[in-house]
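Let me begin by presenting the structure, written as structure tokens, before commenting on it.
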Amino acid sequence: MSYRLGVDVGGTFTDLLLINEKTGETHTAKVPSTPQDSSIGVLNGIDRICQESGIDATEIHRVMHGTTVATNAVLTGKGAKVALVTTKGYKQVLQVARSFCPGGLGGWVSYVKKPLLAPLELTVEADERIDANGTISSPLDVTALKETLEALKAKGGFEALTISFINAYVNGEHERAARDIAKQVFPDMPISISSDVVPEMQEYERTETTVVNSYVRPEVARYIDNLSGALEERMGDNVHLSILRSDGGLASARAAAESPVNLLMSGPAGGVAGAIHFCQQAGFDNILTFDMGGTSTDVALIQGAKARVRRETRVGDVTVRAPSVDVRTVGAGGGSIAFVPELTKALRVGPESAGAEPGPAAYMKGGELPTVCDANVVLGYLPADVQLGGKMAINRDAAVKAVKSVADVMGLTVEEAAEGIIKIANEAMFGALRLVSVEQGFDPREFALVGFGGAGPLHANALGKLTDAWPAIIPPGPGVLCAYGDATTEVRDEASRTFVKLLAETSSEELADSLAELRQRASSTLENDGISIADQTITYQADVRYTGQAFQLSIEFTEQELANEGLNVLKRQFDQEHTQLFTFALEEGHEIVMIRAIATAVGRTIPIQKPGEKGNTAQDCVIAQSRIYYEGNWHDTPIYDRGRLQSGMKVDGPAIVGEMDSTSVVLPGYIAEVDTVGNLLIQPA
């Protein structure tokens with residue numbers, strides 16, 4: 001029997017989902033994350049899921065992993081020290097940047113620039129020049145460069161080297177030559193060149209992206225090497241490790257270690273992939289997703305069963321040119337801490353989080369401050385007799401004590417304070433959902449809302465009320481949905497190049513020839529990982545703008561569409577999306593800026609198991625009676641076992657639906673129905 005394992009590392013929990021590739025049977029596990037070394041939590045989870053399922057680890061042949069190693073390295077400033085080689089005269093490229101200070105009109109007054117990831121004292125220049133057309137104006141001075149690199153080696157104090165020359169996106173000959181020289185001087189050091197990492201125009205963005213790749217590369221490579229070794233010990237030599245990319249595709253362990261800049265949004269992309277997997281099969285192609293974990297909530301908009309992908313990824317104050325699912329993050333999670341500032345006496349929630357350690361007070365791991373999780377326990381939404389992952393007990397007295405600390409300050413009852421905490425957290429998530437919908441020209445009422453993550457199902461009904469997006473969908477295994485997304489997506493890679501030309505001055509044949517070259521480059525990466533061309537699908541993208549503008553939109557199309565419609569396929573789709581965002585489109589002035597080919601492995605379809613136990617009635621699924629506090633009153637509330645609910649069953653609110661990895665709340669006046677896929681659909685009664 002062959003199994004695949006999805007693993008997602010979050011701020012509080014590490015989630016695992018094991019799938020039988022033939023039958024679709026699944027097993028889940030949830031273990032505390034280990035922030036000091038996330039691989040420890042991964043291996044602990046593998047031990048637990050194999051023990052609880054009775055499946056031998058050697059039967060697992062594919063491990064798909066969403067990781068935050070690269071993200072954390074950037075956020076904590078604990079990446080590698082990076083040295084940079086630039087073209088002579090461009091040593092200050094990172095320092096000058098875009099001459100932009102974040103904030104209002106007076107932002108420059110308080111703006112304190114963070115240290116450069118490649119400091120000036122470790123930046124050297126190479127005597128070379130390639131013009132904007134790719135012609136060599138001044139050949140690379142090989143002798144001088146070698147002497148410069150030898151002097152840099154003598155200085156020391158760095159672990160990775162970046163080479164980024166002016167106009168290398170058109171012609172990378174000098175960068176490749178410089179890399180060969182650098183390998184002689186630094187034989188054991190990772191070296192990144194911009195023409196490989198991001199062959200796109202705009203020297204600052206290209207240099208910054210390549211430097212970030214170098215910055216996280218040693219840490220990611222160490223993590224992947226250590227994890228690969230540990231997996232081979234447990235599962236044998238035939239196990240294949242893949243890492244989730246920011247754009248929702250998978251990269252082989254080899255490709256991920258070489259280009260870790262593509263992993264910065266690896267974690268959130270898994271949840272979006274999982275939500276699409278279940279909702280598409282249930283007939284919901286347009287959805288708003290919110291993934292509420294212990295530390296934060298990630299939201300995204302899915303249209304036509306495809307996630308919107310942006311060409312830039314932002315982590316902290318670092319922005320790189322790497323594709324990522326358009327996910328917006330807000331500091332509202334189950335562990336977000338509630339407090340009352342001395343000055344305003346107004347209740348606040350987050351963004352500071354109790355995280356995995358010490359965690360919410362109710363978890364009895366040392367946390368004493370009130371959190372969103374504790375408020376849910378006080379209100380009865382998270383019953384104290386439900387155990388997370390079947391292992392972690394919840395202490396209601398500890399939660400009440402924590403929430404009482406803010407209730408007393410505000411002169412409220414514990415229940416009123418808890419309800420206030422929940423409402424503030426919901427409003428924060430609602431604001432993030434508006435960012436990806438209303439503020440981009442989409443009406444949330446035309447979408448379904450999907451809530452997942454450990455805490456998402458607790459808040460899905462309430463957020464449905466705020467957005468008026470129905471139904472509010474709780475997928476199967478919502479607490480481990482990111483792991484499900486990791487396990488059901490496929491290997492992907494892309495190749496791109498700058499192509500600045502007016503649409504009116506371009507022919508379909510010229511564009512097709514350029515795309516064919518990119519197709520070969522993208523496919524070769526997958527071939528190197530053992531995926532034949534016959535097992536790949538190819539799609540194309542073009543970044544289009546109105547000439548003279550800096551704003552551009554990515555238009556996706558196929559080879560067949562280009563053959564049938566010609567360049568009109570780009571103009572038509574661009575005009576539609578521009579009108580969606582800005583209410584107008586112009587007749588002319590369309591300009592192609594970038595083109596790319598995306599190669600994706602053709603995956604095996606994993607069957608979905610039918611939910612519930614045959615012969616059950618809804619009453620048979622009730623496992624306990626409880627109470628919830630809602631809008632100032634207590635309501636008697638049955639607790640249902642989701643594992644027993646069958647397709648077509650309806651549950652009237654108020655109700656609590658419990659499962660191993662999460663708890664769903666159906667509020668008074670609402671009804672939940674189980675669909676054929678196993679989704680829980682919550683709608684107004």
Side-chain angles (χ1 to χ4, degrees), residues 6 8 10 12-19 24-31 45 48-49 52-53 271 274-275 277-279 282 290-294 334 373 376-377 380-394 450-461 471-485 487 608-613 616 618-626 628 637-647 649-651 653-667 672-682:
D8 179 72
T12 307
F13 288 106
T14 293
D15 303 327
L16 299 96
L17 184 128
L18 188 61
I19 305 179
E25 180 187 7
T26 61
H27 303 274
T28 58
K30 209 173 184 73
V31 297
R48 176 180 289 184
I49 202 168
E52 293 181 350
S53 66
H277 178 77
F278 280 107
C279 291
F290 80 99
D291 174 6
M292 186 178 182
C373 175
N376 276 311
V377 173
Y381 299 164
L382 194 56
D385 53 357
V386 173
Q387 292 187 333
L388 294 179
K391 302 292 181 184
M392 187 177 292
I394 295 173
V450 186
F452 53 96
L458 288 165
H459 297 256
N461 197 160
I473 303 173
I474 315 294
V480 295
L481 192 71
C482 288
Y484 207 113
I608 292 180
Q609 282 197 311
K610 297 300 180 184
E613 300 176 7
N616 277 343
Q619 193 58 40
D620 293 333
C621 304
V622 176
I623 56 175
Q625 294 292 332
S626 186
I628 67 169
T637 305
I639 301 177
Y640 293 83
D641 180 355
R642 185 168 182 180
R644 300 180 189 177
L645 294 173
Q646 294 182 46
S647 299
M649 278 188 178
K650 295 183 178 180
V651 173
I656 293 171
V657 183
E659 54 192 306
M660 187 285 293
D661 53 278
S662 191
T663 302
S664 305
V665 174
V666 185
L667 297 173
E673 181 177 0
V674 183
D675 69 8
T676 55
V677 179
N679 294 310
L680 201 62
L681 310 180
I682 302 174

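Since we're looking at a predicted model, the values are computed, not measured.
Nearest heavy-atom pair across V480 and A29 is CG1-O, 4.0 Å. Taking both residues in full, the closest heavy atoms of R642 and G678 are given as NH2-O, 2.8 Å, listed atom of the first, atom of the second, then distance. For T663 against Y381, the heavy-atom pair with the smallest separation is CG2-O, 3.6 Å. Between V665 and N461, the closest heavy-atom pair is O-CB, 3.6 Å. Minimum interatomic distance between G479 and S662 (heavy atoms only, all atoms of both residues): N-CB, 4.0 Å. Between V450 and P475 the shortest heavy-atom distance is CG1-CG, 3.7 Å.
Within the model, atoms OG1 of T26 and CG of L17 stand 5.5 Å from one another, a figure rounded to the nearest 0.5 Å. Taken from CD in E673 to CG in L680, the straight-line distance is 9.5 Å, to the nearest 0.5 Å. Note that CG of L18 and OG of S53 are 5.5 Å apart. Values are rounded to the nearest 0.5 Å. Once rounded to the nearest 0.5 Å, the distance linking CD1 of I656 with CG of L458 reads 8.5 Å. Between the CG atom in D620 and the CD atom in Q646 there is a gap of 9.5 Å [rounded to 0.5 Å].
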Going through the distances and angles, do Y484 and I19 end up as a side-chain contact (heavy atoms from CB on, under 4.5 Å)?
CA-CA 9 Å; Y484 207 113; I19 305 179; 4.1 Å; yes
Passes side-chain contact (heavy atoms from CB on, under 4.5 Å), T28 versus E659? Steps please.
CA-CA 11 Å; T28 58; E659 54 192 306; over 6 Å; no
Run the side-chain contact (heavy atoms from CB on, under 4.5 Å) check on L16 and T14 step by step: do they pass?
CA-CA 7 Å; L16 299 96; T14 293; 4.2 Å; yes
Start with the C-alpha distance between L481 and F278, add both sets of side-chain angles, then the distance that settles side-chain contact (heavy atoms from CB on, under 4.5 Å), and finish with yes or no.
CA-CA 10 Å; L481 192 71; F278 280 107; 3.7 Å; yes
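Between the S647 side chain and the D675 main chain, a donor and an acceptor come within less than 3.5 Å of each other. Remark: side-chain polar atoms of D641 are paired, donor with acceptor, to backbone N or O of G643 under 3.5 angstrom.
P476 places a side-chain heavy atom less than 4.5 Å from the side chain of N679.
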